Amino acid sequence: MPDPNGFLRHPRRMPARRPVPVRISDWREVYPPAGEELIREQAARCMDCGIPFCHSDTAGCPLANRIPDWNDLVRTGNWAAAVESLHATNNFPEFTGRLCPAPCEAACVLGIAGGDPVTIKQVEAEIADAAVARGLTPAAVPPPSGRSVAVVGSGPAGLAAAQQLARAGHAVTVYERDDAIGGLLRYGIPDFKLEKRHIDTRLAQLAAEGVQFRTGVDVGVDITAEQLRARHDAVLLACGALQGRESDTPGRQLRGVHQAMRHLVAANRVVATAGEGRPALATLPDGTPIDAAGKHVVIIGGGDTAADCLGVAHRQGAAGVHQLDLYPQPPRARDEARDPWPTWPWILREYAAHEEGGERVFAVAVQEFVDDGTGAVRAVRIAEVTVEKRDGRRIVTPVPGTERELPADLVLLAIGFEGTEEQPLLAQFGVARNARGAIDSRDDWQTEVEGVFVAGDMHRGASLIVWAIAEGRAAAAAIHHYLDGVGALPAPVRADSRPLTV
């Protein structure tokens, strides 16, 4: 049985991050591998509570990861069984263990009285790494079913579905318009959060299991929906939610004001081709420089994407960085009246990039992007604001007399996403974006078009990687049933599942 006193004997501890001066000189991951002693100690803090909210699909993990089970297996040193338990519910724990914000930890029972939750996410990453190091992730190759599935998009939802369907014996082809498989995992997430070797290792496993990959194929342009449907018995659309939210602030058209993802993708492409070390210059597809080297950078937004831009700017050698957040600075601890356990709390989240430099400015909004006289941005004019909600609408009111300018040679908009992009494949498949910019589905994950399914961010809007994997697995189960497959595949979430909120 689990150690009943583990959470009393051991405080929450994480492995020490690599020193700031060292890590901003390269693109390697911030956290070094944790030692086995530390991970077993931290796993021992899990008390196998009677009702483990950590793997509830509404409060904690939508994948229903067996967190208490593999925590105790790690505590006792049974790594092979821990790997098996973890992979039973999660196709890609090396991704979630590095990228998921861990709603499981927010729902950990140790947090009821304000205690520190188990380091679930770190334990997960270490199990996944141990699986690779110890050769415990073999390919599974079942007898062929004679049925074929096309997966459009190679992010976590598409890849999870592809692996599940391939393991059920179906012939799966993943179509990706980019030049490499991985979706935002490949070019949207900086290497200091996810080194791309993890993607390549997992893709090798999928390929060994029979998944076919076709890169540089823009469905709807290079191949029509009609041709794709003629080749396959079912189609899964998993194209993500890449339509960045725009700003109507005066001066938005100035050179040097960009969507955050354009900066991240450009930087990731240079790192991918240059290898380790600072890239010489990142550019947009038209050749326009978008490198932060020597520039005053302003990042608008307070979430994960903004923090990623901050870390990239540090590594590119920015002269200075301001990160602007519309909302007041959150508290450092959960406000039980506002966000009772086990809901996701509104708290100050400090990413590794914030330790590296830059200044965070809360409760401000940009009033104007200031022209340098040549059509390029030279500053942003900001003002302190109050934010309130009325009838479901957000009302932002500038505070008189608080306007000031911040120098800005590069401005990055990290203010969210507005759903999947408008693209030719939508009309060709006969599906349309809803009011949220997503694609609706029936309970069986099919769109309004027979045999065409949808999953991941394209279905639910921009969300967490753990939800993308869960939707990919659930959609795969629905496709398997549609194809009259033998048995049933696991379906961790329903098409209408939503996390618990207050």
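Keep in mind it's a predicted model, so treat the numbers as computed, not measured.
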dist Glu126:CD -> Ile39:CD1 (nearest 0.5 Å) comes out at 4.5 Å

### Task
Dump the intermediate steps for side-chain contact (heavy atoms from CB on, under 4.5 Å) on Arg23 and Glu356, then the final yes or no.
CA-CA 9 Å; Arg23 70 181 191 238; Glu356 297 165 359; 2.7 Å; yes

Point to revise | Minimum side-chain heavy-atom gap Ile67-Pro52 below 4.5 Å | key: no

Taking atom NE2 of His87 as the centre, report whether more than 12 heavy atoms of other residues, nucleotides or ligands fall under 6.0 Å from it.
-> yes

Looking at side-chain heavy atoms only, is the closest gap between Tyr175 and Leu228 below 4.5 Å?
yes

Test salt bridge (Lys or Arg N to Asp or Glu O under 4.0 Å), reference Asp191, set Arg28, Lys196, Arg315, output is Lys196

Would you say Asp443 has more than 12 foreign heavy atoms packed within less than 6.0 Å of its CG? no

Item to check | Short N-O contact, Arg75 and Asp72, less than 4.0 angstrom | outcome: yes

- Item | 4.5 Å side-chain heavy-atom contact, Leu413 and Glu246 | yes

Any donor and acceptor pair, going by atom type alone, linking the side chain of Thr447 with main-chain N or O of Phe453 inside 3.5 Å?
no

Taking the side chain as every heavy atom from C-beta outward, state whether Leu326 and Arg394 have any atom pair closer than 4.5 Å. yes

Please step through side-chain contact (heavy atoms from CB on, under 4.5 Å) for the pair Ile223 and Arg231, ending with a clear verdict.
CA-CA 11 Å; Ile223 182 174; Arg231 294 181 186 180; 3.4 Å; yes

Is Arg186 reaching over with its side chain to a backbone N or O of Ile181, donor-acceptor style, under 3.5 angstrom?
yes

Cation over ring face, Arg202 and Phe92, 6.0 Å, 45°:
no

ask   = Is His258 close to Leu412 at the side-chain level, that is, under 4.5 Å between some pair of heavy atoms?
value = yes

Query raised in the report: Heavy atoms, side chains only, cut-off 4.5 Å: are Glu422 and Gln243 in contact?
Result: no

* To do: Could you verify whether a donor N or O on one side chain and an acceptor N or O on the other, from Tyr351 and Asp304, lie under 3.5 Å apart?
  => yes

Interatomic distance, CZ@Arg460 vs CH2@Trp467, rounded to 0.5 Å, equals 4.5 Å

side-chain contact (heavy atoms from CB on, under 4.5 Å) for Ile120 and His55? Distances and angles first, verdict last. CA-CA 11 Å; Ile120 299 170; His55 59 76; over 6 Å; no

One should read off an interatomic distance between Glu124 CD and Gln122 CD, to the nearest 0.5 angstrom, of 10.0 Å

Here the gap from Ile299 atom CD1 to Cys309 atom SG, rounded to the nearest 0.5 Å, amounts to 5.5 Å

>> With a 4.5 Å cut-off on side-chain heavy atoms, are Arg334 and Trp341 touching?
In response: yes

For Glu421, does the CD atom have more than 12 heavy-atom neighbours from other residues, nucleotides or ligands under 6.0 Å away?
yes

query = Sub-3.5 Å donor-acceptor pair from the side chain of Gln212 to the main-chain atoms of Thr173, do we have one?
reply = no

With a 3.5 Å cut-off and sequence neighbours excluded, list the donor-acceptor pairs that the side chains of residues 134-143 form with protein atoms.
none

In short, salt bridge (Lys or Arg N to Asp or Glu O under 4.0 Å) pairs touching residues 148-158 with sequence neighbours left out are none

The residue among Asp457, Val454, Ile439 that forms side-chain contact (heavy atoms from CB on, under 4.5 Å) with Thr420 is Ile439

Result for side-chain contact (heavy atoms from CB on, under 4.5 Å) between Phe213 and one of Val151, Leu159, Val172 points to Leu159

Would a distance-only check, ignoring hydrogens and angles, find a side-chain to backbone donor-acceptor pair under 3.5 Å from Lys121 to Cys100? yes

Practice problem: Check the pair Gln164 / Ile479 against side-chain contact (heavy atoms from CB on, under 4.5 Å), numbers first and verdict last. | Solution: CA-CA 10 Å; Gln164 292 296 99; Ile479 294 170; over 6 Å; no

Distance col, row Gln259:CD vs Phe417:CZ, nearest 0.5 angstrom, shows 8.0 Å

Contacts satisfying ring-ring contact (aromatic ring centres under 6.0 Å, His included) that involve residues 426-451 (not counting sequence neighbours) are Trp445-His459

ask   = Heavy-atom distance under 4.5 Å between the side chains of Asp179 and Thr215, does that happen here?
value = no

Output for pair (Arg45 CZ, His10 NE2), nearest 0.5 Å, gives 9.0 Å

Flag, side chain of Ser154 to backbone of Gly182, donor-acceptor distance under 3.5 Å
yes

